Asks: 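One structure is given below, represented as structure tokens, and several questions about it will come after.
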Amino acid sequence: MKQPSESKKKVKSRFAIKNQDAIQKAIWFQNNGHAAAAEEIYLRLLKASPKEPVLLTNLGIMAIQRGDSQAGLQWIDSSLAIFKNQPVAWSSKGVGLLQMDHKDQALECFKAFI
């Protein structure tokens, strides 16, 4: 299994994450079908940086992807409470709301996304 390389573009965040290599590894795991490994890293990083929007949003996306929209929306709402200007968070929140059949609220999120 190929691991993320050092030359990969680092995730940009308004907030400092102490361990960029760890978040890059988590994103690689998330994007390559290793959700449990990604979630473990995100949760460990969250202990050190509990108000990091990237971590909160990614945990929310993972919850929505596994069908737990309510938990996903809680993670994403926590992220958006810290930093509102996150198109990925807004669009993911819209997806979670659609899964819960809240079409009007989802539309508002998609509008915020664009």
Side-chain angles (χ1 to χ4, degrees):
M1 163 169 45
K2 187 176 176 186
Q3 295 289 324
S5 69
E6 291 293 322
S7 64
K8 290 242 182 199
K9 184 178 174 185
K10 299 292 183 190
V11 171
K12 300 240 183 207
S13 176
R14 187 172 154 247
F15 299 85
I17 296 178
K18 294 178 183 176
N19 193 338
Q20 280 289 318
D21 290 336
I23 196 167
Q24 290 302 314
K25 189 173 189 177
I27 290 169
W28 185 89
F29 281 134
Q30 183 178 356
N31 291 336
N32 287 280
H34 305 285
E39 186 171 23
E40 182 180 319
I41 294 169
Y42 289 139
L43 291 171
R44 181 173 39 87
L45 291 171
L46 198 60
K47 288 179 183 176
S49 300
K51 294 188 177 199
E52 172 51 58
V54 170
L55 300 174
L56 296 165
T57 296
N58 286 1
L59 284 163
I61 290 168
M62 291 179 63
I64 289 168
Q65 287 173 338
R66 72 173 176 262
D68 190 353
S69 296
Q70 189 164 354
L73 293 176
Q74 288 175 341
W75 285 115
I76 291 171
D77 284 343
S78 295
S79 179
L80 289 169
I82 295 164
F83 184 57
K84 294 255 184 250
N85 188 18
Q86 298 184 73
V88 171
W90 284 109
S91 64
S92 299
K93 182 175 179 173
V95 169
L97 288 165
L98 279 177
Q99 286 179 354
M100 297 172 71
D101 204 31
H102 298 295
K103 294 174 186 161
D104 291 338
Q105 290 174 302
L107 181 59
E108 292 304 312
C109 290
F110 294 132
K111 286 180 182 176
F113 166 69
I114 51 177

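Here the structure is a predicted model, which is why all the values come from computation and not from measurement.
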Asks: Enumerate donor-acceptor pairs with a distance under 3.5 Å from any side-chain N or O in residues 100-114 to protein atoms, sequence neighbours excluded.
Replies:
none

Asks: If you compare all heavy atoms of Trp90 against all heavy atoms of Lys84, which two are closest, and at what distance to 0.1 Å?
Replies: NE1-O, 2.7 Å

Asks: If you round to the nearest 0.5 Å, how far is CG of Leu97 from CG of Leu73?
Replies: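 If we round to the nearest 0.5 Å, Leu73:CG and Leu97:CG are 5.0 Å apart.
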
Asks: Are Val88 and Tyr42 connected, step by step, through hydrophobic side chains (Ile, Leu, Val, Met, Phe, Trp, Tyr) whose heavy atoms are closer than 4.5 Å?
Replies: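 Result: no, two separate clusters.
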
Asks: Identify the two heavy atoms, one from Leu55 and one from Ser49, that lie closest to each other, and give their separation to 0.1 Å.
Replies: CD1-O, 3.9 Å

Asks: Compare every heavy atom of Ile64 with every heavy atom of Ser69, then report the nearest pair and how far apart it is.
Replies: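 Where Ser69 meets Ile64 most closely, the heavy atoms are CA-CG1, 4.2 Å.
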
Asks: What is the minimum heavy-atom distance between Gly67 and Gln99, and which atoms define it?
Replies: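 For Gly67 versus Gln99, the nearest heavy atoms are CA-OE1, 4.4 Å.
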
Asks: Side chain of Gln86, backbone of Ser79: donor and acceptor closer than 3.5 Å?
Replies: yes

Asks: Do you know the tightest heavy-atom contact between Ile41 and Ala26?
Replies: CG2-CB, 3.6 Å

Asks: To the nearest 0.5 Å, what is the distance between CD1 on Ile82 and CG on Asp77?
Replies: 11.0 Å

Asks: State, yes or no, whether a side-chain contact exists between Glu40 and Phe29 at a heavy-atom distance under 4.5 Å.
Replies: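 Heavy-atom side-chain distance check fails, nothing below 4.5 Å.
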
Asks: What heavy-atom pair brings Ile61 and Ile76 nearest, and what distance separates the two atoms?
Replies: N-CD1, 4.3 Å

Asks: Students often mix this up, so state it plainly: with edges at 30° and 60°, are the rings of His34 and Trp28 parallel, tilted or perpendicular?
Replies: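 Parallel, since the angle between the ring planes stays under 30°.
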
Asks: Are Gln30 and Asn58 packed together at the side-chain level, in the sense that at least one heavy-atom pair is separated by less than 4.5 angstrom?
Replies: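 Side chain of Gln30 against side chain of Asn58, heavy atoms only: contact under 4.5 Å found.
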
Asks: Hey, what do you get for CD (Gln65) to OG (Ser92), rounding to the nearest 0.5 Å?
Replies: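 With rounding to 0.5 Å, CD (Gln65) is 8.0 Å from OG (Ser92).
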
Asks: Quick one: does any side-chain atom of Thr57 pair with a main-chain N or O of Val54 as donor and acceptor, under 3.5 Å?
Replies: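 Between the backbone of Val54 and the side chain of Thr57 there is no qualifying donor-acceptor contact (under 3.5 Å).
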
